[in-house]
> 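After the structure tokens below, expect a handful of questions from me.
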Amino acid sequence: MLVVQKYGGTSVGDLERIQNVANRVSESVDEGHQVVVVVSAMSGETNKLVGYAEHYSDEPLRAEMDMLLSSGERVTSALLSIALNEMGYEARSMSGRRAGIVTDEFHTKARIESIDPEPMRQVLAAGKVIVVAGFQGVNDDGEVTTLGRGGSDLSAVAIAGALEADLCEIYTDVEGIYTTDPRIEPKAKKLDEISYDEMLELASLGAKVLQNRSVELAKKLNVNLVTRSSFSDAEGTLITKEENIMEAALVSGIALDRNQARVSLGGVIDRPGIASDIFGRLAENQVNIDMIIQTSSNDGTTNMDFTVPIGELNDAKRIVDAFIAAEEITSVSFDENICKVSIVGVGMKSHTGVAATAFSTMANENINITMISTSEIKVSMVIDEKYAELAVRSLHGAYKLDQ
Ligand code: ASP
Ligand code: MG
């Protein structure tokens, strides 16, 4: 097999941990695999470098930030390669440039445009392990670029895609994806496998184990992803195409998002185009709307409720105020003490009664649902934040996720 293994900052956090990674890599080689390793900077290193730059400037040139920050990953890649060679495993480290990673020109948040797999293929063909410095590439002018914070996952997925690797393993300090947050429900179970779409729903809903950008890229490039821990031998969770999933669960997981607020608009003038005007203004100002409810019209006015991330509430207020000043909306109220609980599962597509179970579970706990939205593989409910954990635990039990 050809495997790409990505080790995050904590996994390479000190010299001993880098040795631990070298041992793991050597085991994969002994098992007969070709291995491309992608590494992050040692934990805390990137922040330290940012701090150095801030000593001189509040707004350092982005190109210089890329020069500076890309060095953290290069340090780790060279050290890991040195450790492997010392153990008798031939290895070569590569910067993003050597690995053929070309990005667009946007310094500090560049996107990968292409990867020339030839240089890596040659080194692999010579029987060597490759250790790529993650998080970086070069633009058309040959300047080093970085991919945005946390970007080495993207490097790994893109490299796995370009090399048509059999597997891309993302090593962190958690053992995989769980049916829900184990801090809320200790009976949460690690999932063996989950589809890209379920993972995207769970991630955007708060189960932040993997960046959504990386999962989206894996889906696009058809890369089989595994998240697992570098500190244990546990198997991890495979994230793959829905067709590859052996047994589609009715519900795979329960996600909780506490970071939402509700905006309630009263006396909204009910004319064609009003929704487009309000939500168009919000979108132009980068306010992310999630759920929207409009009640039926009464006396030419209507009520509209929607949710926004708490951090974007002030922007939303400003925009709504303009509509109030224009007398198109009469009143507005805000509620930050809400949360969104969601059940996610591809099995919902082919079964009925999944949403009904969620509603009756809330009813049994006497929890009031104030907003509902559904998609093919998700049911989301807005409830009072003080019932967040109770709701998650009850739903987890109701769908027998602990069994
Ligand atoms: N070292 C970079 C960061 O801390 C990239 C990464 O770790 O993925 O953001
Ligand atoms: Mg990271």
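Read the numbers this way: they start at 1 and go in the same order the structure lists the ligands and their atoms.
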> Show me which atoms of ligand 1 lie under 4.0 Å from any heavy atom of Ser40.
6 (C), 7 (O), 8 (O)

> Can you tell whether the side chains of Arg281 and Glu284 come within less than 4.0 Å, N to carboxylate O?
yes

> Can we say Arg228 and Asp233 salt-bridge, meaning some charged N sits less than 4.0 Å from an Asp/Glu carboxylate O?
no

> Can you sort out which atoms of ligand 1 are near Arg149, meaning under 4.0 Å from one of its heavy atoms?
3 (C), 4 (O), 9 (O)

> Does Gly148, backbone or side chain, put an N or O under 3.5 Å from an N or O of ligand 1?
no

> May I ask whether Gly151 places a heavy atom under 4.0 Å from ligand 1?
yes

> May I ask you to decide whether Asp321 forms a salt bridge with Arg318, counting only side-chain N to carboxylate O separations under 4.0 Å?
no

> Can you tell me if Gly150 contacts ligand 1 (heavy atom of the residue under 4.0 Å from the ligand)?
yes

> I'd like the name of whichever of Glu45, Met42, Glu73 reaches closest to atom 1 (N) of ligand 1 through any heavy atom.
Glu73

> Less than 3.5 Å between some nitrogen or oxygen of Thr46 and one of ligand 1, yes or no?
yes

> So, Glu118 and Arg121, do they make that salt bridge, N to O below 4.0 Å?
yes

> Regarding Asn224 and Thr240, is there a side-chain donor-to-acceptor distance under 3.5 Å anywhere?
yes

> What do you reckon, is CZ of Arg111 surrounded by more than 12 foreign heavy atoms closer than 6.0 Å?
no

